[in-house]
Structure formats: structure tokens, C-alpha cells
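Notes follow the structure.
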Amino acid sequence: VCFIPGGLDCSISFVSHVLGKVCVHGRQKEILGVLVPHLMDLTKSDCIWQRICWRLVECVPDRWMEAVVLGFVQGAPSADVLSRLLGNLVVKNKKAQFVVTQKMLLLQYGHTTAVLQNLLGYLSLDSLRRSLLLRVLQELLETWSSSSAVKHSPAEQQLYISKAILICLSHLKEPEIESCRQELLTSMMEGVKCHLDSSLPQLRRLGMVVAESISSKINLEGPVLKFEYEEDDETRELKSLLVQTPSFCVVPSLPDDDRSGKAGAALPLVPESNDKPHTAAPVMPDEELDAELDSDDDLTPYDMSEDKELKIKAPVYIRDCIEVLTGSRSEDVDKWEATVKALESLVRKNPAATREVSVELAKLLLHLEEKTCIEGFVELRQRAQVAVLTTDPIPVAKYLTSQFYSLNYSLRQRMDILDVLVLAAQELSCPKFHGKTKHSGAQKPCIQLLTGSDSSKDWRRIVDERIKSKTRRFDMGQSHVELTSHPNEFNSVAGHFFFPLIQHFDRPLTTFDLLGEDHLVLGRLVHTLATLIYLAVNTVAVTAMGKALLEFVWALRFHTDSYVRQGLLSCVSSLLLSVPAERILADMTEELLEAQSWLGDVMEKDPDGDCRRLALQNLLLMENLKRNLKLSLPS
Amino acid sequence: MALPPPDPQFVLRGTGAAVHTLHFSCGGSGPDIPLLFSGSENGFIHVWNLKTHRVDSALDGHGRKSVYCVQTMGGKDRLLSQGRDQRICLWDLAEGRTSVTDSVFTEHVGFCRCSLLKVAQGRWLMAMAARSLEEVQILELPSKTSVCTLKPEVGAKLGMPMCLKLWQLNCDSQPVLLAGYEDGSVVLWNVSMGKALSQVICHQEPVMSLDFDVEKAKGISGSSEKVLSIWSLNEQQNLQVCKTHKLVNAGISDISIRPDKKILATAGWDHRIRIFGWKKLKPLAVLDYHTATVHCVSFSDHSSPRERLLAAGAKDQRISVWSIYAQT
């Protein structure tokens, strides 16, 4: 389509109609792909062409406006091009305003970051449109800080909204920030609370990054909010959105806005000027060697072979360790440190002695707090606990599971109990485990958070591998990984680990309510149960465990927390993998049929992507099971 | 074949608390009894008779708060002690008296030992850490007038002064102060003008103790890390680190150079006293007697070389006294 520069009063409403019709039929890319570059060149310096372009889009009928605007926003290579092409369309046309400020930001979330940049940059470029920018920011913040949105909307949408907020912030000028400082502060506080409450680490991180950014914008003097979290590509990308390069530079057509943003963000490091007159100088040559007679010769040194590094000896007996750790002499911190370091190996070398005092040791270790600053204290304590549990499983498991449901423990301690149970179960069931699991080392953040361990992800991976091996080769016989065989020590104690944990979950205590506020612990409990039953494959108790677990899952299947739902679905996977197929079909058929319809529902409607994937996996496993059995049974 | 290290000549017991500071007073010849003053954590200053190895008297002047510095002022009759009750006390011990004649309220809550320098007959300069975090105050004694306050420049971030040494090259020259700070640097201050002449970073950890050889213009400092640092002062009054010596175990509480400048002793956190030759820092001996951190070492001021002693006080409440390299 080529434009003939005719008289000023030529009507182009016909062109607008054509454009609109084409766009609404879904051919935005084709037509705008040709149109936009032309218009870009033409409107670069020519005002008349700019007005023509604006007239063009303004004349598009309302029913096709959305498609056209969407097409333009997606097709424009940068914000000022969009500004040249659309002009003040968003101010003049209600539909366009709705599409740009509401639909694209709040109702859709599939657009790329570049499109977001263009859109919000476009809003910021003209004073008439800036009020829209502020309104957009307010609405985005409202969504960001609403707790129901955080709980129920998918992670991708939340990421999209966070990006939009950051880009808006980067466009705001000082006086505008001044005017809405109070609202920004309120939304930030509310929003950060909802995000930190979430059980998913990704959402927590999103909340932290956005809150930090808001805080840095509104608080130019004074201390700024700073969270401690692991930087990864996502957080780096988000932070780079905060800094805008001036919009007059022509950005190449690909969405490289992020890159230019990052370049702007790299502030030049101020080199530290060294005021001190002298720093440590290199070794001065010893000039006195020639000048003086070496009269040190008449001082003969004594024998210094005994002079070695000072080592504090740890106690050699377990009962001595108990004495040192219970702090009868709180002065001797060196000995305390040495004991903590040596405890695990002592426990493993002296199983008989440990068995005599196992419950006492378990109690001690559960309450042991860091007295001095040892490296890896949490890991040392956990390994000692696992050693005690594996040496004397039944009484210690009984103790630990009862303490899990007792009063006056911190959430961290309860989650420690779960971790220890899982690690010990793993050790007992296959002493030479070929997968590497991460210990859930608790980090100490500067703002107190309960960090979720990543061990559930590792287990997911291992279960996935097992599923893969099962689904593809069901008639190929044994899996070819032959480990040296050991008696499965977990067999006799699996029930002791599992059943007490599942018993009291619906009984709230004053300080601990699994079904209420403490859904993080509930999530961890559910993942722990999944792991325990996975490890209990081929044990005698596994069928009973499976039945109990299925009832448990059924009771909780509509839980609002996505972390808990993920755990429940992995429980079902583990169950299907561990309980022998015949037993499943014999004892649990009705429950499984009900579960099938529930899983189908989850697969279609659950907002969380991981939940949907797990539900699909479970349905496939069930299908597989039925097929297997049909083939192996003669009738 | 190297001989095994010697045992202590004798051990003084009876302080009843960890020993933090020691000072000999054996210079007087004739019938004067050689004495050793010790300050302990229970606030007592014990006066030990080195002939009978028993306590002659116990001075209680710091309200049972730990005494961490004792020094004599020109003879055994006048004693200066510094305690954790934020006071420096001046004692009159002549003719069997045990009274506090004067005291200075330092308002210093740290552990920095003060340093004395005799500038004229009956006049002393004393450097002490003051109330404000980074400052050192110089007072004239006995008048207790302030000579100057040595303040590091703003933003220097030296931290607290940890150890001080006042000295002058000879009787006519200006007194100067060497101060070791919490950030590991040693600063040379001109006392009369009140400004810093030179600064050198000797350690990564706080400087725990330092000593200086005026004739050779060479000093040594110890810290909580495993390194001893030797530094020197050149003609332009600039400090420079000459060399460092790595120790087996970390932590030095005290360093003292013998008055004849031949050897030096360090008190270590690893319960050991180490002896080095001063010229080249050759390790000479490791004296392993104490069972807890050694807090202080001190050489005696005997006029006769053969009688020279080294005393060390430790957290195990004992004072070990050694005769080592006394023949040279």
C-alpha cells in the first residue's frame, strides 16, 4: 500500500476501515509488518504524515480498534515510534484506552518485556498521557499487593505484573513520585507481606525484588530496604528494568531494551582514593647483614620440636559428649566446638553405646543451639541427628514424630525433624544412594524468612526418572542399574516413621496449626510423606501406608496453597510407584477412580503450572498401571 | 643437639584470679628487695617479694574490677595502676604505706594500657585512651593537666586504640607516641603538635600489643592473627613494615623487648611464651608451662645481667618466672 501525498483534506477513513478489518481477521502481523516501517520513516520528521497517521488510527471503528491497537503496540520497535504513530489515541478513544491500560496489562500476560517497555514508554512520553501512567501504576500495585491475587494467579502473570511495575517506576519523575509516595509505601508494605507469605520461592523472590525497587525509588535518603536472596537471571533482568536509557536513542528492531537498560545500570565505580600516606611496603632489603657482626650466634636456640598447632581434643565417649553439650561447664567453648564436630563419627563408631542413650541424644540435638560461630553448624547438627536416628530407629523416630506435634517448638525445628526423618529413611533404605541430595542448609537472611529447602525438587527429579524408566520399558524386564544388594533396613521401621506423622495433622495446638497458618510446614510435611512412601518401596507396610496416604490426600485436595497441592500430587505419584500394582487394584480401586476425576480437574483448571504437570503425570501413571495389569492378568 | 627448653625458675601462686599485668622493680641495689608487681582480674595488685616468693602486700584500689596495667614511677615507692573501673590510680608505697594518693578518671571502657614517659625530674607524660572512641589523651603527671588529645582525622576509621608507647629519642627531643589501633594499623603521633606523622597497616586484625626499640628505630607488633609484624622508622619519620613472622598458633597478647635489646618475649593465646632474637627475629625458645592464655610478659630491670628474669602471667592464675639467656 503506498500513500500518495495528496491534498490536506483527503479522507483516509476508507484506509482505516480496511486496516481494521484486516487486523480483526487476525492478519495484524502481515499488514502492519509492511505498514509500520513505512510509517516510521515517513513520520520521522514530517508533521503532516504524523497527523495523517493519527487520523488513520483514530478513524478505525470501535469494534476493530482493539485488534489494531494491539497490533501496533506489538509491532512498533520502540516507544517513541509508537508515540509517533498513535499520538494521543489513548486519551481520545475510550476503547484504545481500555486496551492499553487495562487489557494488555491486567488481563493478559503473554506479551514480551519489550512490548511492555514500548507500551509504558509510550504512555510516559507525553504530558497528556502521563496521568494515565500514574493510574496504570496504581492499578498494577493494587493487584500486586492483593493477597488473593498472589495466592491464586499463576506465577507467569505475577512476573508480568512485577515487570510492568518496575518499568512504570523507571519512568516516573521526582515530583510524580512525591505526589504518590504515601500510596507507594502502603502498597509496598501490603504487597511484600503477601509475597513473603507464599510458599513458593519464586514468588517470594519476586516480592522481594519489587519491594526493594519501590523502596529505593521512594526513599532517596536514609536506609533502603534490602533483602537477601540468591541472584539469578530473573532477578537480574527485573532489576535492569528499573533503569531506563533515554528514549531518544534508536533501539534496533529486536527487543534489546533489556540490554540497553543493563548498560545504563552499570554505574561507574568510584575508585577509592587512598589517603593513607603509607601502606604495607614490600620487604626492605636487610642492609644490616653486612654492616654488623652477627652477634646472635651466641644465643643458641632451644629445642622447639614440641611446638605444634594447638588442638583441642574432643571427648572419646558418647556420654562425655552429652555432658559437654548439655553445658555443665559453659566456659569451655573450644571443647564444645570440638565435640559438635566429632559427634557424628562417634555415634557411628559406637552403635551399642549410642543405643543406650539414643533418645537423650536426640532430645539434646533437637534443642542444640549455636553457641559459637562454627562453620556449617546446621549441617553438623543434622548429620549427627541422622546418625542417631539410623543407629536406633524405632525409639528415636517415636520421639521425633511425637515432638513434631508438640507445643513450643519453632517452625524451623519442626521442619528440621522432617528433614532428618527423610535423610535417615534414605540412608536406611539404600545405603549407597546414587543420587546426590542437597542438605537443607538453612540460610540466615537479614530479614527473617523461612526458606524452603530444595530437596523436594531433587526428589521430583528422581521420581521423574523412575517414571520415565517405567513408562517406556514396561516389558523389558528389570532396570539395568544393578546395585550391590543390602538388606533393606528401612523395612522394619518404615511404619514408625510414617504413621505418627500422618496421625495428628488435623488437631490444632495453640502454637501450631497445620491446617491454618502454618501451611508452609504442611507443605513440607506432605513432601516428606511422599518421599517416605517412595523410599518404602518393597517394604511390608507400604500398602497400609498407601491407603492412609490416599485418605490424607483426599482430605486435603482442595488446599489453597500451591506448594501443598504440589506435595499432594507428588504423594500420589510416589504412591503409584511404590505400592505394588496388584495391591493398588485390590485395595484402592474406588479411591483411585475418584482420584482420577479429581486429577483431570486439576490438570485443566489449576492455576499453578507445576500442579497441572504433576496431575498429568499421575493420570499417565494410572493409565500405565491399568494397562500393565490387563496384560499380566490372563483374563 | 638442641637442649629441651628450660623450666621456670620458680612459679608464683596465690593471686586467686587471672593475671593481666606484671612489672618488675629490681633496679635498686643493696638491701632493697627485688619486687614484682602483678595486677589480677579480681582487682588486686600483689606485691611479690622475689626473695621469699611470697606476697608482701596486696593493694585493693579498683573496686574489685580487673587491673590491667601496673607501672612504677621512678622506683618502687610510687606505683601507677589502671583498672576496668575506668580509673588510673597513683599509689604511695613508701615505708610500708599502701594508699592511693591520686587518681585519674579516664572514662575509658576498653583494655588499652596506658604508657608512661619520664620527661623531667618528677614530671611524667602519660598516654591513655580517652572516653571518645578513637582518641588518645596525653596527660602530664602528677599535675594531671592535659597536654593534648590525639584525634585521628574524620573518616579514618582506625577504631579503638589498643596499645600505646610513648618515647623520645633522647632527653631533649620531642616525645612521640606509637599507637596500635583496632583496624591493624600503627600510627606515629607527634605529641607536642598533636598530629600524626606516619601510619602503616601492620595487621588485618587489631594490634594487640607493640614494643619499640628506640636506638634501632625498629618496632614489633602482635595481633590476634598468626603474624608478628616488624616495622621501622626512617629519618623522615615514616613507618614501614620490614618483615613479618608467621606463628604456629594465632593470637599474641603481649610483647616485650628485653632492656639490653638482645631478645624479646611474646605471650601467646596458645598458652606458650616464645623467645626470639631481636636482631633478626630468630626463634630461640618456646616455653610451654601455662595451661591457659598467657596475658603478659615482662623482663626485669636487674642491674646485674646474670640475675635477669622474665615473668609471664596467665589466665591459669600463675606467674611463671624464668631465667633465660641470662649469661649474655
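Naming: A, B, ... by sequence-line order, numbering from 1 per chain. Every heavy atom of this structure was used, including side-chain atoms; hydrogens, water molecules and symmetry mates were not.
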Is there side-chain contact between Tyr302(A) and Pro4(B), with at least one heavy-atom pair below 4.5 Å? no
Quick check on side-chain contact (heavy atoms from CB on, under 4.5 Å): which of Ile275(B), Leu284(B), Leu3(B) does Pro301(A) satisfy it with? Leu284(B)
Rounded at 0.5 Å granularity, tell me how far CE in Met304(A) sits from CG in Leu287(B). 10.0 Å
State whether the number of non-hydrogen atoms from other residues, nucleotides or ligands found under 6.0 Å of Lys261(B) atom NZ is greater than 12. yes
Using ring pair (Phe, Tyr, Trp, His ring centres under 6.0 Å) as the criterion, list what pairs up with Tyr181(B), not counting sequence neighbours. none
State whether the number of non-hydrogen atoms from other residues, nucleotides or ligands found under 6.0 Å of Tyr317(A) atom OH is greater than 12. no
Heavy-atom pairs under 4.5 Å with chain A: which of Ala250(B), Ser229(B), Ala285(B) has the most? Ala285(B)
What part of Leu247(B) lies closer than 4.5 angstrom to a heavy atom of chain A: side chain, backbone, both or neither? neither
Contact part of Asp288(B) toward chain A, heavy-atom cut-off under 4.5 Å: side chain, backbone, both or neither? neither
Got a sec: does the CD of Glu231(A) have more than 12 other heavy atoms crowding it under 6.0 Å? yes
Does CD in Gln237(B) sit with more than 12 non-hydrogen atoms of other residues, nucleotides or ligands closer than 6.0 Å? yes
